[in-house]
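Right, one structure below, let's go through it.
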There are 2 protein chains.
Amino acid sequence: MGTPTARPATLDDVARAAGVSRATASRVLGGYGFASADARARVGAAADRLGYVPDVTARALVRGAGVRLVVAVIGRAGTVLDDPYVHRVVSAASRVCAPHGVGVALEWLPLGDPSGLVRLGADRGVCGVILVNTTPTALAAVPARLRGRVVSIGTGSATVPSFDVDNAAGAEAVLRHLHATGRRRIAMVTGPRWLVCAERSVTAYRGLMRAAGLPERVVTGDFTTARGGRAALEALRRWPELDAVYAASDATAFGVIAALRGRGLRVPHDVAVAGFDDLPYAAVSSPPLTTATHPVDRIAAAAATAVLTRAPVAPTTAFASTLVTRESA
Amino acid sequence: MGTPTARPATLDDVARAAGVSRATASRVLGGYGFASADARARVGAAADRLGYVPDVTARALVRGAGVRLVVAVIGRAGTVLDDPYVHRVVSAASRVCAPHGVGVALEWLPLGDPSGLVRLGADRGVCGVILVNTTPTALAAVPARLRGRVVSIGTGSATVPSFDVDNAAGAEAVLRHLHATGRRRIAMVTGPRWLVCAERSVTAYRGLMRAAGLPERVVTGDFTTARGGRAALEALRRWPELDAVYAASDATAFGVIAALRGRGLRVPHDVAVAGFDDLPYAAVSSPPLTTATHPVDRIAAAAATAVLTRAPVAPTTAFASTLVTRESA
DNA sequence: CTGAAAGCGCTAACAG
DNA sequence: CTGTTAGCGCTTTCAG
C-alpha cells in the first residue's frame, strides 16, 4: 500500500529508494535483461513499499503499443451492440485486458461500410481489434497496419485468425435430438443471412433434413427475440403442421416460444423448440430451454489473449458445442 | 484517409505539412488558445489529408489524464459482472468514452473488501471510476486521489456524486397499479438487502402496504432469475393465498413467473407479477412483463460524462422511472 | 551487470 | 497570434 503520497510513485522514486538507476529498476520490474540478485531484491522491496504501479500510458507510449482493445461488431444497425452475446464478449475481453492495464471499447461497424477499420488502424491508442460477426467485406477492409493485431470471432481470413464455436456440430447435435425424440416437421429460424458463420448451421440443417428425407423449412431471423417471434408466426402460417422449431439463437427461441404460446400452442407438447447459445437465462426460462452451448467467454478470452500477446496463433481455433437438453424439446 | 504511410501521421507531420510549428498545430487541433483563420485552415487541411488521429496515449501522458474508465461493481461474487444491468452500464459508458479515446474496464469489488479502490487510485492509467451497487463501506474507501473522478450509480456521498433512478417512485407506480387492478395480497421479492439504493423500493413497498392496511410480505432476492424463482416458492409456502408479486428487478420477475407456472399458477390470472427495469426482453417475454423503466443507459452516460469532463455536478441526479403496463399484471 | 542519454507524441508555459 | 522550450514516465540502445 505504501505511504499515501499525494502522487503515485514513479519508477524514478523506486529507483532512488532502491539506490539504483532507473534503467536497472525498469529491467527488474519489466522482467527483461539481467540484474544482480541484490538489485532485484532491493528494487522489488522498494516497489511494493511505495505501492508502485507502472504507468501503462507511458509504457504504451514508448512501446507504441496502444492502450485499448476495440471490440468491433458488424451489423445492420447500431443496436447490435445491445446483444447479450456482445456483452459476454466484452466482459471476457475486459477480464483478460485488465491485468495489462488495457481498456475495452465497443464499436459498431455498419454492415457494408467497414471504413471504420481504417480509422482504427490510424489510431495509435488502439492496441488491437476483435471483430465480431465478421463478413468477407470487413475482412478485406482490414488495413495492413492492423495486421497481427486483429482477430475474428466468426470467420477469418489469411491475415485474420478466427476463433469460433463449431456451429455445424452444435446444430447437428440439437437436430439429432429433435429427430430422436420423434419430431419430423422441423423448421429452422436462422440468424442474419449475411453472416457467414451463421450459415454453417443452416447448411447443417439442410444437410440433415435431406439425409433424413424430411422437408426443409427455413425462415430468416436475425438473432433477436422480436424477430424470432415474427419468424415463428410466419413459419406457422406456411407450415401449420409444424412439430418443432430449431432457432439459431436462444434469444430467437424465446421469441418463438412466446409467439407459439400466443397462438395457443403448448411447448414442447405441440411444438418442441430448441435454441443455440445456452444463455444463463435458458436454464430458468419457462419452459427451460433445450439448446447447445456456445462458450463465448472462452472464445473471447482466447481472442483477446491472442491480440494482447501477439503470439502466433493457428488460423482457426474451433470451440466445441455440446447439447443441453431441458424441457422445451 | 490519406496516403497509407507505414506509420500513422504525428502532430509533427501535420505541422510540417501545414508550415506551422507543432504548438500551433496542437492549439488548432485541440481547440484551445488562439490561431489565425489562415493557420486554422492550413492545419485542418493537412490533418485530414494525412488522416491524422491524435495519439490519446501521448496526450494522456502529458496531461496525467489516464486512459481507461473503470466500472467497478460491488457484489458478493464475481458473477455480478454477468448481470445484464452491468452490461448496459458498460455499453453506455463505452459509447461516451470512445470519442475521447478512453477504454472501459470492468472490475469486481468484493462486498466488504473495497481495497481494490486503493489500487485504482494508484494506477495512473485510470482516468476515473464508476461505482455500481455502492455500499457505505465502498464509499468510505474511496481514496483521496480519486476525488472528483469517481461517481456512483446508486447512493453517493459528500465526495462521490450519485446518479440513480428514482427507485421509490418507480416502486410506487407499480404497486399502485397492482392495487388499482384489485390485488390485495401482494408480496415483494427484494434485491440484495445490503444494497442501500435497493432498500428504497422496500421502504416504498412497506409504506404503501401499511397505508392501504394490507399485510407486508417480504422475501429476499438478489436480482437474479434463479433466486427469484426460489423466492417465489418461499412466498407461496408462507402465503399460499398470494395474488400478486412485485419483484425488484425484471430478471427476478422472470424467475418468479417460471416458478409460479411450475406450480400450476397462471400469470396474471391467478397471480399478477410485476418487475422493475424494463429490460428489452420484458416486452417480448411470455407473458409480456409489466414493469417500471430504469433508464440505465442515460444514467450511465451521464455518469461517464461527469467523470470524463470533470465538470462539477450536483451531489445527486435522479432519473425518473415510469410504469409500463403489459400483460403480466 | 549497470548507468547515462535519447527519445515515444503531445501539451503548456513563456517569450517573442 | 506564433514559435521555443521543457517535460509527462517509461524503455532501450550504448558505453562503461
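Everything numeric in this text was worked out from a predicted model, so none of it was measured. Convention: sequence-line order gives letters A, B, ...; per-chain numbering from 1.
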Worksheet item: According to a strict under-4.0 Å criterion, is A:S26 in side-chain N/O contact with OP1 or OP2 of D:dC10?
Response: no
Discussion item. Can you give me the closest heavy-atom contact between A:V307 and A:R149, atom names plus distance?
Written reply: CB-O, 3.8 Å
Worksheet item: Tell me: CZ of A:R124 to C1' of C:dC10, nearest whole Å?
Response: 11 Å
Worksheet item: Parallel under 30°, tilted from 30 to 60°, perpendicular over 60°: which one fits the rings of A:H87 and B:H87?
Response: parallel
Worksheet entry | Integer-rounded Å distance: D:dG9 P and A:L50 CG | 14 Å
Worksheet item: For B:L29 and C:dG9, what is the distance between atoms CG and P respectively, to the nearest whole Å?
Response: 16 Å
Practice prompt. Please evaluate the base of D:dG3 for a donor-acceptor partner in the side chain of B:R27 within a cut-off of under 3.5 Å?
Written response: yes
Discussion item. I'd like to know if A:D83 pairs up with A:R88 as an ion pair, taking the criterion as any Lys NZ or Arg NE/NH1/NH2 lying under 4.0 Å from an Asp or Glu carboxylate oxygen.
Written reply: no
Practice prompt. Would you indicate whether the side-chain heavy atoms of B:F223 and B:Y85 approach each other to under 4.5 Å?
Written response: no
Fill in: B:A35 side-chain proximity, nearest of D:dG9, D:dT2, D:dT11
D:dT2
Worksheet item: How close or far is atom C1' of C:dG3 from atom CZ of A:R16, stated in whole angstroms?
Response: 15 Å
Worksheet item: So which nucleotide from C:dC10, D:dG9, C:dT2 ends up closest to the side chain of B:V62?
Response: C:dC10
Worksheet item: Over how many whole Å does the gap from A:D12 atom CG to C:dA4 atom P extend?
Response: 11 Å
Worksheet entry | Closest to side chain of B:A23, choosing from D:dC10, C:dA12, C:dG9 | C:dA12
Practice prompt. Indicate whether OP1 or OP2 belonging to C:dG3 is found under 4.0 Å from a side-chain N or O atom of A:S21.
Written response: yes
Discussion item. We want to know whether A:D38 and A:S36 form a side-chain donor-acceptor pair, criterion being a heavy-atom distance below 3.5 angstrom.
Written reply: no
Worksheet entry | A:D38 vs A:L61, nearer the 5' end of DNA chain C by closest nucleotide | A:D38
Worksheet entry | Heavy-atom donor-acceptor pair, B:R22 side-chain to C:dT11 base, under 3.5 Å | yes
Worksheet, complete the sentence: Taken to the nearest whole Å, CZ/A:R63 to C1'/C:dC8 is 12 Å
Discussion item. Looking only at the side chain of B:S36 (C-beta and beyond, no hydrogens), which of the listed nucleotides D:dT2, D:dG3, C:dC10 gets closest?
Written reply: D:dT2
Worksheet entry | B:G19 or A:A58, whichever maps to the more 5' nucleotide of DNA chain D | B:G19
Practice prompt. Could you tell me whether B:A60 contacts a base, only the sugar-phosphate backbone, or nothing, with contacts defined as non-hydrogen atoms closer than 4.0 Å?
Written response: nothing
Worksheet, complete the sentence: Whole-Å distance, B:L11 CG to D:dT4 P, equals 14 Å
Worksheet item: Expressed in angstrom and rounded to an integer, what is the separation of A:R7 atom CZ from D:dC8 atom C1'?
Response: 12 Å
Fill in: Nucleotide nearest A:T10 when distance is taken to its side chain, options C:dC10, D:dC10, D:dT2
D:dC10
